[in-house]
Chemist: 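Sharing a structure below in structure tokens format, with a few things to ask.
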Amino acid sequence: MEKLVLIDGNSLSFRAFFALPLLTNKAGVYTNAIYGFTMILDKIIKEEEPTHFMVAFDAGKTTFRNKMYSEYKGGREKTPDELRSQLQYIRQLVESYHIKHYELENYEADDIIGTLSKQADEKNLKTIIITGDRDLTQLASENVTIYYTKKGVTDIDHYTPEFISEKYDGLEPKQIIEMKGLMGDKSDNIPGVPGIGEKTAIKLLKQYDTVDGVYNNIDELKQSKMKEKLIDNEDNAKLSKELATINRDSPIEVTIDDLKLTDNGDEEKIKLFKTLEFKQLLDQMDASTEASDDRIIEYQDHLNDFDFANIKEAAIHFETNENNYLKADILGFAIHANDKTYVISLEELEQNKDLHAWLENGNVKFSAYDSKKTIILCERLGIKVENIQFDTMLASYILDPSRTIDDVYSVVSEFGIYYVPNDESIYGKGKKLHVPEREVLFECIAKKVTAIFETKEKMVELLKERAQLSLHDDLELPLARVLAEMEYIGITVDKDTLVEMQEDLKVRIDKLIEQIHNHAGSEFNINSPKQLGVVLFEDLKLPIIKKTKTGYSTAVDVLEQLRNEHPIIEDILVYRQLAKLQSTYIEGLQKMITSEGKIHTRFNQTLAQTGRLSSIEPNLQNIPIRLEEGRKIRKAFRPSKENHVIFAADYSQIELRVLADITGDEHMKEAFTANEDIHTTTAMRVFNVEKEEVTSNMRRQAKAVNFGIVYGISDYGLSQSLGITRKAAKKFIDDYLDSFPKVKEYMDTIVQDAKQKGYVETLLHRRRYTPDITNRNFNLRSFAERTAMNTPIQGSAADIIKLAMVQFSNKMKEKEFKAKLLLQVHDELIFEVPKDELETFKPFVEDIMDNALELSVPLSVESSYGETWYDAK
DNA sequence: TCTACTCGCAA
DNA sequence: GTACGTGCGAGTAGA
């Protein structure tokens, strides 16, 4: 069946604009109204399946109505600039859907719609009119329904004649005009009769049908203020009625047949969505979200005419065959300088001594994507690269940590450069991973290095604008060099220690497996939560505590509740613990030990949203410590030389100290200044007791609340960690906030701040954007709120330790210490130190860490050392 | 072989 | 009432 949809483009654009928070794409184009409009189009097309479709727009400011009444729509606030800029895109959007749009000089969109709907009505064509303007409801008929968007863009009333009759107490659609004549319309500046509102108007119309009817029978009305007003404003009423009347015979030049929808593909739509960065919609359409540009970058594959002496600025880039640059093969090396691009092979790179000297001389300003990788690859070639001044990867992370950074493409494409292919398209993935032929490869490398060069300036400008240049220049970039050295040095791990533990554990695990199978009465894979679930909850019929998406939950907290139900549980718990140690740590770590007896982790500097580092292959930031059994793993981590020790220095309660500083809460500051135990102090305040009355349970709970603050967990999260109800957890949090009023104040203001600015920041201006803070989805919004509260705390702590690392590295240059920084674990630094340096090294490091950044509360560092990492406690 | 899911370690 | 801190990695299971 044929169906016509007519949209009032202007009024719907308004609705969409005000319904959604201001959004922009990377280029700064506002997109919220366009997005909302797109949602409506999709919804309508899907739900109504129209055969004919048109969007009508207002042509300009003045229409025939202004000739009748110069004040028409006077006093209306002008369209916000942020919306006006989107209207052209909305027309483009409509075109990309192959929907006709139309506007007519001197007429409003209403009139176009009125005229077309009249034609449709005469043809008995089902018509739907979509608008955010009530005026159009006068057009409702048997065939014509008006969809009126109440609030937002999805809450819609369907105005049929029946609906109108019900809503307006028996009025017919065409009487809407009469009603407007009497009551006017503030938004269009239609005067009407003063003193007459909806109620009175309806009453009069029920009796006299029309405005003319009212005046023809005006004498019947008994003397009243209302009657006087009606008489005094007869002209107004009649004019108002005319103004409100939609012209259903406008001189339009389109016919309904012209509005037939055609299926001409999604090409334009995809292109537009890419420009606007409607990523989700593109995903839904199964279209690649990546834009591309097939430009060719010319390059030379030799350095024969390279003018080493006269280049002051260059981008350099190493291409490797795998991500792990500590052992990867170099596939090529590229330079972009003086508008020329060079790509050379590993052989050329190794042999060209002029090039080495050029990289080392320190007079050229280099930029790179991933300076840590660049430094390490140079180091592997025996080149001490100097003066890398800019890292586009780090800059991208600083500008917006939420951006995915996985290759050069992912960074430069944010800056409008699309000629670089992404790594997956060049190398493939999974089984099909391969190095392409030389020509393809070199072309790609040339593009990367050129793009790095071209992006740099834009990034510097943005960093300056956002007061973040120093974060790059003075923190992240120098830190990359520090991390490079740490990764390159690695940490010595004694394989024999691990092998011994492995054998010991194997015996114990085998025994446990046997016992568990005996208890179960069958052999099954204990590592399979699915099989374990069947054994526990079906075979042994233990009570089901919790379910996961796919079946029974067998997580620790569940098993602990079942402890007394069956002896198998205890064995499973121990098995789980040992199996984890065995597979992840003891076996996992052994695989990573090099022939030199070392493990070289890599620190990811551009991943964690808060500014923290992360560690991979292997992750050395989660080596067990809490349980003795696991802690023993640390015995395998040793100094690399005789007469050295492992030295660990950690910040004590750094996040809570940052919190005290940021919020300025006196109670908390006092506790830290007096060097009190913060969890005890928290317990004293929250439970309102004296120090002596704080029980270990109170302290434990206070500690959990502090933990929650630091990691931004919810009341639910806290309830889980304390094993209490959500309600009780919420009360804890409330009590906590009442005990530290400045903290409460901070939590409130930071959320407001985030709403207003769209981001929160750390002490060193690291930003994290919080777009979901105004989301109507409770979960997303709550998450954004916690993010806003937590990120400045965790992120500032991350800033501080990074600062300490950079300062440490700088000060080491003037010292004779042989000590080496090996690892960073969020709030602690691990070193290996010659025993005879200990006495001087300890205060040296502690002083740097203590004073890395001045806060209004003291920072406190505790250090310890031993023959192994285990002993440094 | 890839992906989704569960589980568990650390700060 | 909702669904419920991060990041890394091992392991199972199903397509």
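Quick caveat, the model's predicted, so the values are computed rather than measured. Just so it is clear, the values below take in all heavy atoms, side chains as well, and ignore hydrogens, waters and symmetry mates. So that the names make sense, note that chain A is the first sequence line, chain B the second, and so on, each numbered from 1.
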Chemist: Classify the ring geometry of A/W869 against A/F637: parallel below 30°, tilted from 30° to 60°, perpendicular beyond 60°.
Modeler: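 Perpendicular, since the angle between the ring planes exceeds 60°.
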
Chemist: For A/K432 and B/dT1, is the shortest distance between a side-chain N/O and OP1 or OP2 below 4.0 Å?
Modeler: no

Chemist: Counting only side-chain N and O atoms of A/Q531, is one of them less than 4.0 Å from OP1 or OP2 of C/dA13?
Modeler: yes

Chemist: Return no unless some side-chain N or O of A/T550 is found under 4.0 Å from OP1 or OP2 of B/dA4.
Modeler: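 Indeed not, no polar side-chain atom of A/T550 lies that close.
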
Chemist: Under 4.0 Å, heavy atoms only, any strand: does A/S782 hit a base, just the sugar-phosphate, or nothing?
Modeler: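 Here A/S782 touches no strand at all.
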
Chemist: Going by modelled atom types, is there a donor-acceptor pair between the base of B/dA10 and the side chain of A/R612 at under 3.5 Å?
Modeler: no

Chemist: Side chain of A/T554: nearest nucleotide among C/dG14, B/dG8, B/dC7?
Modeler: B/dC7

Chemist: Whole-Å distance between C/dT6 P and A/Y711 OH?
Modeler: 12 Å

Chemist: OP1 or OP2 of B/dC9 sitting under 4.0 Å from any side-chain N/O of A/T584?
Modeler: no

Chemist: Can you tell me which nucleotide in C/dT6, B/dG8, B/dT3 comes closest to the side chain of A/F783?
Modeler: C/dT6

Chemist: Remember a base hit wins even if backbone is also touched, and classify A/Q609 as base, sugar-phosphate or nothing at under 4.0 Å, heavy atoms.
Modeler: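 Contact class for A/Q609: sugar-phosphate only.
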
Chemist: Of the nucleotides C/dT12, B/dC9, C/dC4, which one has an atom closest to the side chain of A/N527?
Modeler: C/dT12

Chemist: Indicate, with a heavy-atom threshold strictly under 4.0 Å, whether A/D715 touches base, sugar-phosphate, or nothing.
Modeler: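 If one applies the 4.0 Å heavy-atom cut-off, A/D715 turns out to touch nothing in the nucleic acid.
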
Chemist: Roughly how many Å is it from OH in A/Y870 to P in B/dA10, rounded to a whole number?
Modeler: 14 Å

Chemist: Looking only at side-chain atoms of A/S528, point me to the closest of C/dT12, C/dT2, B/dT3.
Modeler: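 That would be C/dT12.
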
Chemist: Look at the side chain of A/K530 and decide which nucleotide, out of C/dA13, C/dG9, B/dA11, has an atom nearest to it.
Modeler: C/dA13

Chemist: Expressed in angstrom and rounded to an integer, what is the separation of A/Y585 atom OH from B/dC9 atom C1'?
Modeler: 4 Å

Chemist: State, without any angle test, whether A/S863 and A/E846 hold a side-chain donor-acceptor pair at a distance under 3.5 Å.
Modeler: yes

Chemist: Between C/dA3 and B/dC5, how far is it from one P atom to the other, in whole Å?
Modeler: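 Per the computed distance, 16 Å lies between those P atoms.
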
Chemist: Touch check for A/S719, heavy atoms < 4.0 angstrom, all strands: base, sugar-phosphate only, or nothing?
Modeler: nothing

Chemist: Please check the phosphate of C/dG5 (OP1 and OP2 only) for any side-chain N or O of A/N790 closer than 4.0 Å.
Modeler: no

Chemist: Would you kindly give the CD-to-P distance between A/E785 and C/dT2, to the nearest whole Å?
Modeler: 18 Å

Chemist: Measure from the ring center of A/F783 to the ring center of A/F778 and say whether it is less than 6.0 Å.
Modeler: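 Distance test on ring centres: not under 6.0 Å, no.
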
Chemist: Quickly work out the A/N619 CG to B/dG8 P distance and round it to whole Å.
Modeler: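 My rounded result for the distance is 17 Å.
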
Chemist: Please work out which of the three classes, parallel, tilted or perpendicular, describes the rings of A/F524 and A/H517, given edges at 30° and 60°.
Modeler: tilted

Chemist: Think A/R726 forms a cation-pi with A/Y716, using NZ or CZ under 6.0 Å from the six-ring centre and within 45 degrees of its axis?
Modeler: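 No, A/R726 does not lie over the aromatic ring of A/Y716.
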
Chemist: Contact class for A/V556 (heavy atom, under 4.0 Å): base, sugar-phosphate, or nothing?
Modeler: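 Counting heavy atoms under 4.0 Å across all strands, the contact made by A/V556 is with sugar-phosphate only.
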
Chemist: What is the distance from CZ of A/F707 to P of B/dC9, rounded to the nearest Å?
Modeler: 13 Å

Chemist: Taking only side-chain N and O atoms of A/S615, does any of them lie within less than 4.0 angstrom of OP1 or OP2 on C/dG7?
Modeler: no

Chemist: Quick one: label A/E655 by what it contacts on the DNA or RNA (base, sugar-phosphate, nothing), any heavy atom closer than 4.0 Å.
Modeler: nothing

Chemist: Between A/N604 and A/S614, does any side-chain donor sit less than 3.5 Å from a side-chain acceptor?
Modeler: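 The criterion, which ignores hydrogens and geometry beyond distance, is not satisfied for A/S614 and A/N604.
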
Chemist: Just checking, any donor-acceptor pair under 3.5 angstrom between side chains of A/K372 and A/Y325?
Modeler: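 Side chains of A/K372 and A/Y325: pair found under 3.5 Å.
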
Chemist: If you check every side-chain atom of A/N779, which of C/dG5, C/dA3, B/dG8 has the closest atom?
Modeler: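 The answer is C/dA3.
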
Chemist: Given C/dG7, C/dC4, C/dG11, which nucleotide is nearest the side-chain atoms of A/R786?
Modeler: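 Nearest nucleotide to the side chain: C/dC4.
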
Chemist: Nearest-Å distance, NZ (A/K591) to P (C/dA10)?
Modeler: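 From A/K591 NZ to C/dA10 P: 6 Å.
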
Chemist: With rounding to whole Å, what would you report as the distance between C/dG5 and B/dA10 at their C1' atoms?
Modeler: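 Taking atom C1' in both C/dG5 and B/dA10, they lie 13 Å apart.
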
Chemist: Using only side-chain N and O atoms of A/R726, determine if any of them is under 4.0 Å from OP1 or OP2 of C/dT2.
Modeler: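 No, no such contact exists.
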
Chemist: Centres of the A/Y736 and A/F740 rings: under 6.0 Å?
Modeler: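 Centroid separation for A/Y736 and A/F740: below 6.0 Å.
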
Chemist: Could you check which of C/dC4, B/dT6, B/dA10 has an atom nearest any side-chain atom of A/P529?
Modeler: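 Closest nucleotide among those given: B/dT6.
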
Chemist: Closer than 4.0 Å, any side-chain N/O of A/R576 to the OP1 or OP2 of B/dG8?
Modeler: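 So the side-chain polar atoms of A/R576 do come within 4.0 Å of the phosphate oxygens OP1 or OP2 of B/dG8, strictly under.
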
Chemist: Ignoring backbone atoms, establish whether A/R626 has a side-chain N or O less than 4.0 Å from OP1 or OP2 of B/dA10.
Modeler: yes

Chemist: Give A/I623 one of three labels, base, sugar-phosphate or nothing, depending on what nucleic acid heavy atoms sit under 4.0 Å from its own.
Modeler: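 Sugar-phosphate contact only - A/I623 comes under 4.0 Å of backbone atoms but never of a base.
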
Chemist: Side chain of A/K580: nearest nucleotide among B/dC7, C/dG9, C/dC8?
Modeler: C/dG9

Chemist: By the 4.0 Å heavy-atom rule, please label A/I713 as base, sugar-phosphate, or nothing.
Modeler: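 Base, at least one base atom sits under 4.0 Å.
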
Chemist: Rounding to a whole Å, what distance do you find between A/L532:CG and C/dG11:C1'?
Modeler: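 These atoms are roughly 13 Å apart.
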
